[in-house]
Structures are given as structure tokens and as C-alpha cells.
Amino acid sequence: KDNNPFSLNQNLNAYYTLNEKNIFAGFVQHLYQKEDPFYQAIVTQQPFAQILPLDINQDRFNINQDKMIETNKLDSKIDYYYVINDKSNLNLTLGTTQSRQFTDASLNNDVVYRFSDVFLGAHYKFKTGIFTFTPGVTLHNYNVASEQLGIETSENEWKLLPDLYAIAEFKQ
């Protein structure tokens with residue numbers, strides 16, 4: 001009940017048409033968030049106490065968390081569209097997601113968590129009859145790192161992810 005979360009979200013979108021065949025689009029989004037995700041594992045009332053007798057002294061299972069978490073997240077993406085004809089286009093995408101979370105050092109549990117996703121994608125969109133298909137592939141470089149008590153752990157992974165988006169439009 002005493003939780004006072006704070007969140008600030010900013011967006012910037014830009015579009016530029018070079019000519020009828022070449023279109024550019026870009027966006028940047030920044031999120032700053034400060035919250036206290038209080039988690040209470042021990043409850044004061046036990047449901048079905050007559051049916052399921054539970055140990056009253058559950059202090060050893062008390063993992064309640066009361067900590068302030070700050071998040072800084074930046075998403076950005078640039079799209080290039082090459083219009084082939086009225087029914088198809090090619091889309092190239094370059095983007096990133098950068099996120100950093102940290103907790104209050106006064107709680108003696110100073111933790112910093114970082115996540116990074118840098119990606120490059122290519123998609124081909126075409127329309128045939130009532131169907132619109134957009135097959136594509138995106139190459140991601142994921143990097144996750146955390147630092148706690150002077151120990152840093154990290155993991156870096158490359159993934160090539162195919163995808164397909166399809167729409168059936170029965171009426172205009």
C-alpha cells in the first residue's frame with residue numbers, strides 16, 4: 001500500500017520519403033522506472049487451515065523482499081523500405097535494446113543487471129489475392145551481464161531467427 005512507483009517514458013518517431021521507391025523510418029524510446037516490487041511470501045491468514053494444517057512458525061521460509069529497483073531502458077530501430085512494386089517491398093532493419101537495472105546499495109545487496117540486444121533483419125512483403133505474406137530473418141546478438149559482490153557474470157549469444165507474418169483480408 002505504501003508503494004510509490006515512478007515511470008517516465010519518452011518516444012521519438014521519424015519518417016522520411018527519399019522518393020517513391022525509398023522510405024526510411026526510425027524510432028527511439030527511453031524508459032526510466034523506479035519501483036519497489038515488494039514480495040511477501042508469508043501470509044497472515046492460511047486458507048483452508050482446517051483441511052491443510054500448516055506449521056504456524058514459518059520464519060525460516062520468510063523471503064520477503066523490500067528493495068528499490070531502478071531501470072533504464074533504451075529501444076531504437078531504423079527501417080529502410082525499398083518499394084519493388086504496388087504489391088511488394090523489401091524491408092531492412094537495424095536496431096537495439098539496451099537495459100540496465102540496479103538496486104539500492106544501502107540494502108547491502110548492490111546488484112547491477114545489464115541486457116543488450118543488437119539486431120539486423122531483412123523481410124520481404126508481398127501481396128497475392130486476399131493474402132499478405134512477410135517472411136524474413138533477423139540476426140540477434142544477445143548479451144546479459146550481472147555484477148554482485150564484485151563478481152561479474154556475462155553471457156553472449158548470436159541467434160539467427162526466421163519469422164513469417166501472414167494476413168488474410170476478406171473485406172476491404
Under a single-linkage definition using a 4.5 Å side-chain heavy-atom cutoff for Ile, Leu, Val, Met, Phe, Trp and Tyr, are Val112 and Val144 assigned to the same hydrophobic cluster?
-> no

Considering residues, nucleotides and ligands other than Asp86, do more than 12 of their heavy atoms fall under 6.0 Å from its CG?
-> no

If every non-hydrogen atom of Tyr124 is compared with every non-hydrogen atom of Ser88, which pair is closest and at what distance?
-> OH-CB, 3.5 Å

Any side-chain heavy atom of His140 sitting closer than 4.5 Å to one from Val118?
-> no

Nearest-0.5 Å distance that lies between atom CD in Gln101 and atom OG in Ser146 | 11.5 Å

Decide whether Tyr80 and Asn91 meet the rule of one side-chain donor and one side-chain acceptor closer than 3.5 Å.
-> no

Should the pair Glu157-Lys159 be classified as a salt bridge under the 4.0 Å nitrogen-to-oxygen rule?
-> yes

Transitively linked via ILVMFWY side-chain contacts under 4.5 Å: Val137 with Trp158?
-> yes

If only atom types and distance count, is the side chain of Lys73 paired as donor or acceptor with the main-chain N or O of Thr97 below 3.5 Å?
-> no

Is there a donor in the side chain of Glu70 and an acceptor in the side chain of Tyr32, or the other way round, less than 3.5 Å apart?
-> yes

Using a 4.5 Å cut-off on heavy atoms from C-beta on, say whether the side chain of Asn72 contacts that of Leu74.
-> no

Between Tyr113 and Phe115, does the ring centroid distance fall short of 6.0 Å?
-> no

ILVMFWY network linking Phe126 to Ile84, side-chain heavy atoms under 4.5 angstrom = yes

Would you give the length of the straight line joining atom CG of Asn13 to atom CD of Gln29, rounded to the nearest 0.5 angstrom?
-> 9.0 Å

Determine whether Phe119 and Lys77 make a side-chain contact, defined as any pair of heavy atoms from C-beta on separated by less than 4.5 Å.
-> yes

Would Tyr81 and Phe133 show up in the same hydrophobic cluster when neighbours are defined by side-chain heavy atoms closer than 4.5 Å?
-> no

Side-chain donor-acceptor pair under 3.5 Å between Asn143 and Glu155, yes or no?
-> no

Is there a side-chain hydrogen bond (donor to acceptor under 3.5 Å, both in side chains) between His30 and Asp75 once you walk through the steps?
-> CA-CA 6 Å; His30 177 256; Asp75 292 308; over 6 Å; no

Between Thr132 and Lys127 the two heavy atoms that sit nearest each other are OG1-CG, 3.7 Å

Before giving the answer on side-chain hydrogen bond (donor to acceptor under 3.5 Å, both in side chains), spell out for Asn89 and Tyr82 the whole-Å C-alpha distance, their side-chain angles and the decisive distance to 0.1 Å.
-> CA-CA 6 Å; Asn89 67 54; Tyr82 178 73; over 6 Å; no

Among Asp163, Thr134, Thr93, side-chain hydrogen bond (donor to acceptor under 3.5 Å, both in side chains) partner for His123 | Asp163

Would one find more than 12 heavy atoms of other residues, nucleotides or ligands at under 6.0 Å from atom CD of Gln10?
-> yes

Separation between CG (Leu31) and CG (Asn11), nearest 0.5 Å, reads 9.5 Å

Before giving the answer on side-chain hydrogen bond (donor to acceptor under 3.5 Å, both in side chains), spell out for Ser76 and Thr96 the whole-Å C-alpha distance, their side-chain angles and the decisive distance to 0.1 Å.
-> CA-CA 6 Å; Ser76 62; Thr96 186; 5.6 Å; no

Does a side-chain heavy-atom distance below 4.5 Å link Phe24 with Leu18?
-> yes

Does a donor on one side chain and an acceptor on the other come within less than 3.5 Å for Asn141 and Asp117?
-> no

To the nearest 0.5 Å, atom CD1 of Ile23 lies from atom OG1 of Thr17 at 5.0 Å

Flag side-chain contact, heavy atom, 4.5 Å: Phe170 against Ile130 = yes

